[in-house]
Amino acid sequence: MNPIGETPSGLSPRASQPRGASKNEVKVNNMEGKLIVISGFSGAGKGTVIQKLMQEHDGYALSVSMTTRQPRPGEVDGVDYHFVSNEMFEDLVKKDGFLEHAGFVDNYYGTPRAFVEENRKAGRDVLLEIEVQGAGQIHDLFPEAMLIFIAPPTAQELKTRLFGRGTDMGERGMKRLRRAKEEAPSIPSYPYLIINGDVDACAESLQSVITGAWTPQSPDGPHIGGEIITDPAEKEAFARNFSAQLENVFDTK
Ligand code: 5GP
């Protein structure tokens, strides 16, 4: 089943685009910041793209998720994630402290509610880097949220990046690849698919989509290495091909 669910009131690829308001206008008018959901296969490099986006452009607030998974080498508590026990996570679920939460591979992940609400109120555009079930919950709660999926160009590239970071070798990495196979069919339900062939280009495409500078009709094409796909048939074709490639990738190492 499609985790994003049926798109209520016929959400079209254009329905969650910004309505012509630039960031400055948002602040001058004291309007709420946008809510931007970025999903992508684990290991696809979306974290690096988001870092690049925030280095190059002001006005974003990145939500730091809570997770029950163990920190990877180099990850810092409170920066990469809030690392918590199962008990603490469950306690916060009971207290309605999450905007959304989901299980992924062997752990729980959730978006703390307060940070998002406070930053949106302050006029900052809030970025959520979350997987597809969480994205579906956000879409149901906030139909105005922009949903963007970032994917590497090929499944082989995903495998190379995932195993290349050296933290998810063996069975842990394979579980993430299997999860990618489960997630791929959800790609078409995201209004925007951006291909991460090059980090800089992908970050600029992301910025163009968020600000509304890029539309399917705009004369400037997407940045090379950051192709933007909104056509439903093209998104479906990409998802199908990616799933088929993943089948082959499972057998190659
Ligand atoms: P990782 O363990 O690789 O850091 O993250 C695994 C997956 O969980 C990624 O797809 C990541 O985007 C997603 N994720 C991270 N934080 C959250 C969250 O707060 N909620 C949900 N639903 N997914 C999250």
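Order of appearance sets the numbers: ligands from 1, and atoms from 1 within every ligand.
Of all the atoms in ligand 1, the ones that sit under 4.0 Å from a non-hydrogen atom of Ala102 are 22 (N). Of all atoms in ligand 1, numbered sequentially from 1 with element shown, those under 4.0 Å from a heavy atom of Lys46 are 9 (C), 10 (O), 12 (O). Counting the atoms of ligand 1 from 1 in the order shown, those under 4.0 Å from a heavy atom of Gly40 are 10 (O). Those atoms of ligand 1 with a heavy atom of Thr111 less than 4.0 angstrom away are 19 (O). Using a 4.0 Å cut-off to heavy atoms of Ser42, the atoms of ligand 1 that qualify are 3 (O). Taking every heavy atom of Gly134 and a limit of under 4.0 angstrom, the matching atoms of ligand 1 come to 22 (N).
Test Ile229, Leu193, Val132 against Ile187 for side chain to side chain contact (heavy atoms under 4.5 Å, CB included) and you get one pass: Leu193. Among Ile36, Leu147, Leu62, Leu35, the single residue meeting the side chain to side chain contact (heavy atoms under 4.5 Å, CB included) criterion with Leu128 is Leu35.
The part of Arg72 lying near ligand 1 is the side chain, judged by heavy-atom distances below 4.0 Å. Using a 4.0 Å cut-off between heavy atoms, Arg176 contacts ligand 1 through its side chain alone, with no backbone atom that close. The part of Tyr81 lying near ligand 1 is the side chain, judged by heavy-atom distances below 4.0 Å. Only the side chain of Phe104 comes within 4.0 Å of ligand 1, counting heavy atoms alone; its backbone N, CA, C and O stay farther away.
At least one cation-pi condition fails for Arg176 and Phe163: the charged atom is not both under 6.0 angstrom from the six-membered ring centre and inside a 45 degree cone around its axis.
Taking all heavy atoms of Glu100, Arg69, Gln137, Glu131 into account, the minimum distance to atom 13 (C) of ligand 1 is reached by Glu131. Across Ser65, Ser63, Ser39, heavy-atom proximity to atom 19 (O) of ligand 1 is greatest for Ser65.
Within the 4.0 Å heavy-atom cutoff, Gln133 does not count among the residues contacting ligand 1. Note on ligand 1: Glu183 sits outside its first shell, no heavy atom being nearer than 4.0 Å. Not a single heavy atom of Gly47 sits under 4.0 Å from any atom of ligand 1.
In this structure, CD on Glu144 lies 12.0 Å from NZ on Lys34, to the nearest 0.5 angstrom.
Here Lys95 pairs with Asp91 in a salt bridge; the nearest charged N to carboxylate O distance falls below 4.0 Å. Remark: Glu118 does not engage Lys121 in a salt bridge, criterion side-chain N to carboxylate O under 4.0 Å.
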Next on the checklist: I'd like to know whether Arg124 forms a side chain to side chain donor-acceptor pair (under 3.5 Å) with Asn119, so could you lay out the CA-CA distance, the side-chain angles of the two residues, the decisive distance to 0.1 Å, and finally the verdict.
Outcome noted: CA-CA 5 Å; Arg124 283 184 281 273; Asn119 277 279; 2.6 Å; yes
Item to check | Step-by-step side-chain contact (heavy atoms from CB on, under 4.5 Å) determination, Tyr192 to Leu206 | outcome: CA-CA 9 Å; Tyr192 300 96; Leu206 191 52; over 6 Å; no
Item to check | side-chain contact (heavy atoms from CB on, under 4.5 Å) assessment of Arg113 paired with Asp96 | outcome: CA-CA 8 Å; Arg113 180 184 292 280; Asp96 198 26; 3.2 Å; yes
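Phe89 is listed as a side-chain neighbour of Phe98, based on a closest heavy-atom distance under 4.5 Å.
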